[in-house]
Amino acid sequence: MEKFNKVSVTVLSLMLAFGFVSPVSVLAATTPSLGGAATYGILGSTYTNTAAGTTVNGDLGYTTGPAVAPTVSGTTHVADGSYNQAGTDQGTALSSLNSQSCDFNFGSATDLSLLPQPLAPGVYCVTGAASIGTGGITLSGAGTYIFRIGGALTTVANSSVALTSGASACNVFWTPTSATTLGANSSFAGTDIDAAGITVGSTVSWIGRALAFGGTVTTNADTITVPSCSAVPPPVIPPATPALATLHVVKQVVNNSGGTAVASNFNIHVKLSGTGVAGSPTLGTVAPGTSYSLSAGTYVVSEDANFVP
């Protein structure tokens with residue numbers, strides 16, 4: 001057996017630590033909690049009903065009531081504690097809706113029915129008034145739809161807001177800064193939060209809520225039905241993919257006195273918590289060495305007892 005006087009091992013142990021940068025997560029529009037306002041089909045400081053035949057399938061709340069009473073399946077609250085709490089919760093929900101970033105931006109005087117249909121979930125921002133024409137709009141797909149309108153919201157007679165492919169009135173919201181006016185014989189969906197006032201034309205079918213605490217709601221032989229909604233789940237953020245780093249292990253041998261050992265005469269181990277990582281053990285190699293892609297942790301690099309053929 002040949003002898004050598006000195007072997008220099010360049011790596012005996014290694015503490016491996018990584019810094020992580022989480023990937024940027026893009027959150028879709030989210031449905032806020034309506035709190036006490038969720039059970040109200042109509043909520044307004046003044047409520048005016050101009051004709052018999054109006055039905056509110058839900059709660060009704062006001063300070064000043066109508067001369068012509070509607071049919072109410074829920075509870076009528078006249079300036080009581082529930083009514084006031086609903087008004088507070090309406091404001092909280094509106095703040096949440098208005099704080100969400102715009103996914104789609106449009107200029108003033110936008111007719112939503114002229115946009116390519118159907119519309120996908122997201123936050124639609126209009127700098128001025130918005131309308132829905134005779135063609136109506138279609139909301140398609142599960143998710144939250146928020147229409148932030150910097151002016152009035154108007155729908156024409158016989159127009160419609162259709163829901164398909166999992167879209168739900170529970171997750172549709174309208175937040176105009178000026179008054180809302182719905183055309184006669186139309187169908188509408190979602191929660192309209194508009195303290196500037198909401199006027200519903202004759203014989204409108206609406207699945208959603210007219211929330212105008214601080215303003216006036218006017219109806220005319222209409223049907224407003226509060227949607228049946230489950231509790232709002234928290235947004236789901238997918239787990240980040242663990243970051244990886246590259247470990248290079250170089251075996252260096254220094255022979256003295258005629259020794260002939262080479263790097264491949266040694267088995268090199270890379271272990272995490274006593275267990276070899278993928279590709280370990282392997283024969284030692286000179287620069288650039290053997291590379292390992294590893295996640296965060298503390299790794300130990302070692303070798304078997306020296307031997308020379």
Side-chain angles (χ1 to χ4, degrees), residues 26-32 34 44 90-91 93-212 214-219 222 224 227:
V26 178
L27 298 180
T30 57
T31 294
L34 290 171
Q90 169 188 308
L94 179 61
S95 295
S96 174
L97 292 165
N98 286 338
S99 70
Q100 299 189 41
S101 300
C102 301
D103 297 310
F104 309 97
N105 291 279
F106 303 95
S108 59
T110 298
D111 183 346
L112 299 175
S113 64
L114 298 181
L115 300 178
Q117 304 293 320
L119 303 180
V123 181
Y124 293 78
C125 295
V126 181
T127 58
S131 61
I132 298 177
T134 54
I137 64 172
T138 299
L139 310 182
S140 179
T144 301
Y145 300 78
I146 300 172
F147 295 89
R148 289 171 49 189
I149 301 165
L153 169 62
T154 305
T155 73
V156 303
N158 302 301
S159 62
S160 67
V161 176
L163 306 174
T164 64
S165 301
S168 168
C170 295
N171 302 314
V172 179
F173 298 89
W174 308 83
T175 63
T177 59
S178 296
T180 296
T181 304
L182 304 185
N185 304 307
S186 61
S187 63
F188 193 69
T191 296
D192 185 29
I193 302 179
D194 191 351
I198 301 172
T199 299
V200 187
S202 175
T203 60
V204 168
S205 176
W206 182 350
I207 300 178
R209 306 172 184 88
L211 303 183
T216 298
V217 178
T218 301
T219 56
D222 306 301
I224 299 178

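Everything numeric here is computed off the predicted structure, so don't read it as measured data.
- Residue pairs meeting the side-chain hydrogen bond (donor to acceptor under 3.5 Å, both in side chains) criterion with at least one member in residues 186-195, sequence neighbours excluded: T180-D192, T180-D194, T191-R209.
- How far CD1 of I198 is from CG of L153: 9.0 Å, rounded to the nearest 0.5 Å.
- Partners of L94 under the side-chain contact (heavy atoms from CB on, under 4.5 Å) rule, at least two apart in sequence or in another chain, are N98, T175, I193.
- T177 places a side-chain N or O within 3.5 Å of a backbone atom of G151 that can act as its donor or acceptor partner.
- Screening residues 143-152 for side-chain hydrogen bond (donor to acceptor under 3.5 Å, both in side chains) gives T31-T144 as the qualifying pairs, with residues at least two apart or on separate chains.
- Not counting sequence neighbours, the partners of F147 by the ring-ring contact (aromatic ring centres under 6.0 Å, His included) test are Y124, W174.
- Every residue meeting the side-chain contact (heavy atoms from CB on, under 4.5 Å) condition with S96, not counting sequence neighbours, appears here in chain and number order: P32, Q100.
- Every residue two or more places apart in sequence or in another chain was checked for a side chain to side chain donor-acceptor pair (under 3.5 Å) with S101, and none qualifies.
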Less than 3.5 Å apart, which donor and acceptor atoms pair up between the side chains of residues 107-118 and the rest of the protein, not counting sequence neighbours?
residue, atom, partner, partner atom, Å
T110, OG1, G107, O, 2.6
D111, OD1, S113, N, 3.0
D111, OD1, S113, OG, 2.5
D111, OD1, G133, N, 3.2
D111, OD2, S113, OG, 3.3
S113, OG, G133, N, 3.1
Q117, OE1, T138, N, 3.0
Q117, NE2, L112, O, 3.0
Q117, NE2, L115, O, 2.9

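- The distance from the CG atom of D222 to the OG atom of S202 is 6.5 Å, given to the nearest 0.5 Å.
- Here OG1 of T199 is found 8.5 Å from CG of L182. Values are rounded to the nearest 0.5 Å.
- Of all non-hydrogen atoms in A29 and I146, the two that sit nearest each other are CB-CD1, 4.1 Å.
- Across all their heavy atoms, L163 and A169 have their closest contact at CD1-N, 3.5 Å.
- Shortest non-hydrogen contact noted between A179 and A196 is N-CB, 3.7 Å.
- Here the closest heavy-atom approach between residue V217 and residue A212 is recorded as CG2-CB, 3.7 Å.
- Under the rule for a side-chain contact (heavy atoms from CB on, under 4.5 Å), the partners of N158 that lie at least two apart in sequence or sit in another chain are N185.
- Within the structure, disulfide (SG to SG under 2.5 Å) contacts touching residues 125-175 (residues at least two apart or in different chains) are C102-C125, C170-C229.
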